[in-house]
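What follows is a set of notes on a single structure, which appears directly below.
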Number of protein chains: 2
Amino acid sequence: MSVPVSLLGRAFTLLAVFTADRPCATLSELSRHSGLPLSTTHRLVKDLLAHRALERDADGRFWIGLRLYELGALSPGALDLRERALPYLEDLFEVTRHNVQLAVRDGLEVVYVERLSAVDAVSILTRMGSRMPLHATGVGLVLLAFAPHEVQEEALAAPLKRFTTHTISTPKALRSALATVRRDGYAISDRQIEPITYSVAAPVRNSSGDVVAAVSVVVPVETRTDTVLPAVRACGRAISRAMGWRS
Amino acid sequence: MSVPVSLLGRAFTLLAVFTADRPCATLSELSRHSGLPLSTTHRLVKDLLAHRALERDADGRFWIGLRLYELGALSPGALDLRERALPYLEDLFEVTRHNVQLAVRDGLEVVYVERLSAVDAVSILTRMGSRMPLHATGVGLVLLAFAPHEVQEEALAAPLKRFTTHTISTPKALRSALATVRRDGYAISDRQIEPITYSVAAPVRNSSGDVVAAVSVVVPVETRTDTVLPAVRACGRAISRAMGWRS
DNA sequence: AGGTCCGTTTCCGGTGAGTGGAAGACTGGG
DNA sequence: CCCAGTCTTCCACTCACCGGAAACGGACCT
């Protein structure tokens, strides 16, 4: 295992130890998982603590700090898109009572910038800040279908990870699905991630008409998707208008 | 103006140029506002871009990048508190139809970790990730009233910034208000930030019974606070239970 | 077309911030 | 008490980082 020689590279390697499955870690764990020598890790952690990028709990374990939360909240996805979209996401949540998600594209992945869910909602696989492959999610299909041509070709040439027997797993199937999304103007992801859910997704456009995000509702398979589709599409349009889009 | 000599210090000084009022900046602006020489700024920005901590738009301006959003979403406030609290916040939003906020304490400030609001809600002064002084907000009063004794004394000894003629601005008034909050078990902030709103806030406790967050509703002054108070308090209790609290 | 201005990018010799192995300190369990 | 694991401190050495200066590129003006 090679660690970066640059200090910033090391700092980000260290921060990458934190995941949703490992939201906190001891100094030794940080050293072990990052590959950085213990004393280097110790010094780096001390600096990150000083800058509030990390914080330490009473048991001595380290967590991502509030400063990164604050900075992250200034990113375009959070500050611009989320703040404008939130009222419409809430409306969609209220009329459907199912998980509502807002996501942007980063490379060949979806990054969720918001998720509204109920206590007894059907699926809790995604979370604010989490990632999923484009090909396997409703929002991902929408974002990919309207992405630049070279992004689509890149996704079609990449391995398509399989989650269930329904996951799109050949370039041919994906190409066909993308064409369907572009024709229809929305996507229905059928049991691609979990065998018990559909995801119904619609595009969100900016003032230039580019698709910059996607909104979706995740419903149990017993739900008829056409009962939520109009609401999802209306929500996508409402957010688009809030972003300055004119049809 | 003195800039840090350490690389991490410089990186964070640079990132501090980004605020809600200046969410993006050019290279020259970053250099000017951070005090770092132009070529140092350029090199640092290039590294931060490589690590996705910054991103660049089509006009060449820099923004906080998705990587910081992802990392920030792993912080305890976002990952643990927010995810557990969200369904109850949504319930509170639904029954009150007013701005709902969830906040934690950081030093002598409140940091908002979630805000749900409607298109026509009365106040939009706060935002995910933003800060306010403890003494002047409902959630701040709650967090301070139940904070360790030395934190309370520190707040009482610090300057109390005034926002309106109603803002608590003397240590005597603050001490009295804190006693009231502790006695009542909730806080009502009367026109302290804006002359048109009240904030009604209640504590959120963890499994050890410590107050680790506060939830509030912001309502117009024409609203009788006792119409929303029970719902806010119930919400605080529900989130506390989700955090493992036992009464 | 040429010139000017401003913002951005590149270059490179010099240097001090950062390094990590080793030793020491601390903590908890047997 | 002993042991193992975790954390903290130390310091001679080195190379990643620095920033002034030059080059580059684009927009605007005459």
Side-chain angles (χ1 to χ4, degrees), chain A residues 1-19 21-65 67-68 71 75-76 208, chain B residues 1-19 21-65 67-68 71 76 207-208:
Chain A
M1 165 151 36
S2 75
V3 293
V5 284
S6 75
L7 183 55
L8 272 186
R10 291 172 167 219
F12 280 101
T13 298
L14 187 79
L15 292 172
V17 174
F18 297 93
T19 65
D21 296 323
R22 191 201 298 117
C24 66
T26 63
L27 185 68
S28 298
E29 284 167 348
L30 286 173
S31 171
R32 199 178 316 130
H33 291 296
S34 63
L36 293 167
L38 190 54
S39 45
T40 302
T41 306
H42 182 256
R43 217 183 336 96
L44 200 41
V45 163
K46 185 175 171 188
D47 284 348
L48 291 169
L49 280 174
H51 293 106
R52 319 300 307 280
L54 290 181
E55 56 193 53
R56 192 170 199 183
D57 67 20
D59 300 321
R61 286 168 309 184
F62 298 99
W63 297 74
I64 294 290
R67 183 63 185 134
L68 291 185
L71 289 171
S75 64
S208 309
Chain B
M1 168 148 36
S2 76
V3 294
V5 285
S6 75
L7 183 55
L8 272 186
R10 291 171 168 219
F12 279 101
T13 297
L14 187 80
L15 291 173
V17 174
F18 296 94
T19 64
D21 296 325
R22 190 200 299 116
C24 66
T26 63
L27 184 68
S28 299
E29 284 168 347
L30 286 173
S31 171
R32 199 179 318 129
H33 291 293
S34 62
L36 293 168
L38 191 52
S39 45
T40 301
T41 304
H42 183 257
R43 213 173 351 86
L44 201 40
V45 163
K46 185 175 169 187
D47 283 350
L48 290 169
L49 279 173
H51 293 106
R52 319 301 308 280
L54 290 181
E55 57 194 49
R56 195 169 198 184
D57 66 20
D59 301 322
R61 286 166 309 184
F62 299 99
W63 298 74
I64 294 292
R67 181 64 185 134
L68 292 186
L71 288 170
S207 55
S208 310

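Order of the sequence lines fixes the chain letters, A, B, ..., with proteins taken first and strands second; residue numbering starts at 1 for each chain.
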> Under a 4.5 Å cut-off applied to non-hydrogen side-chain atoms, are Asp57(A) and Phe62(A) in contact?
Replying inline: no
>> Has Ser34(B) got a side-chain atom pairing as donor or acceptor with Thr13(B)'s backbone, closer than 3.5 angstrom?
In response: no
> Under the 3.5 angstrom rule, does the side chain of Arg61(B) hit a backbone N or O of Arg56(B) as a donor-acceptor pair?
Replying inline: no
> Looking at five pairs on each end of the helix from dA1(C)-dT30(D) to dG30(C)-dC1(D), what is the angle between the two axes, given to 10 degrees?
Replying inline: 40°
>> Please classify the nucleic acid contact of Arg61(B) as base, sugar-phosphate, or nothing, using heavy-atom distances under 4.0 Å.
In response: nothing
> What does nucleotides 20-30 of chain C look like as a protein-contact string, B for base, S for sugar-phosphate only, - for none, at under 4.0 angstrom between heavy atoms?
Replying inline: BB---------
>> Are the side chains of Val17(A) and Glu29(A) in contact, using a 4.5 Å heavy-atom criterion?
In response: no
>> Go nucleotide by nucleotide along DNA chain D from the 5' end; which of Phe62(A) and Leu8(A) gets its closest nucleotide reached first?
In response: Phe62(A)
>> I want to check something: taking the side chain as every heavy atom from C-beta on, are Thr26(A) and Leu30(A) in contact at a cut-off of under 4.5 Å?
In response: no
> Given atom CD of Glu29(A) and atom C1' of dG5(D), what is their separation to the nearest angstrom?
Replying inline: 12 Å
> Of Leu27(A) and Val5(A), whose nearest nucleotide on DNA chain D comes first from the 5' end?
Replying inline: Leu27(A)
>> Measure CZ/Arg56(A) against C1'/dT6(D) and give the value in whole Å, please.
In response: 10 Å
>> In this structure, how many angstroms lie between the P atom of dT8(C) and the CG atom of Leu44(B), rounded?
In response: 15 Å
> Quick one: does Thr41(A)'s side chain have a donor or acceptor within less than 3.5 Å of a partner on Leu36(A)'s backbone?
Replying inline: yes
> Within the pair Ser28(A) and dG5(D), is there a side-chain N or O less than 4.0 Å away from OP1 or OP2?
Replying inline: no
>> Please determine whether a side-chain nitrogen or oxygen atom of His42(A) lies at a distance below 4.0 Å from atom OP1 or OP2 of dT8(D).
In response: yes
> Would a 4.5 Å heavy-atom cut-off, applied to side chains only, mark Arg43(A) and Lys46(A) as touching?
Replying inline: no
> Can you check the Lys46(B) NZ to dC17(D) P distance for me, whole Å?
Replying inline: 12 Å
> Any side-chain heavy atom of Leu15(B) sitting closer than 4.5 Å to one from Leu68(B)?
Replying inline: yes
> Just how far, in rounded Å, is P of dT8(D) from CG of Leu30(A)?
Replying inline: 12 Å
> Between Leu7(B) (CG) and dT19(C) (C1'), how many Å, whole number?
Replying inline: 14 Å
> Is the backbone N or O of His51(B) less than 3.5 Å from a side-chain atom of Arg67(B), with the two atoms forming a donor-acceptor pair by type?
Replying inline: no
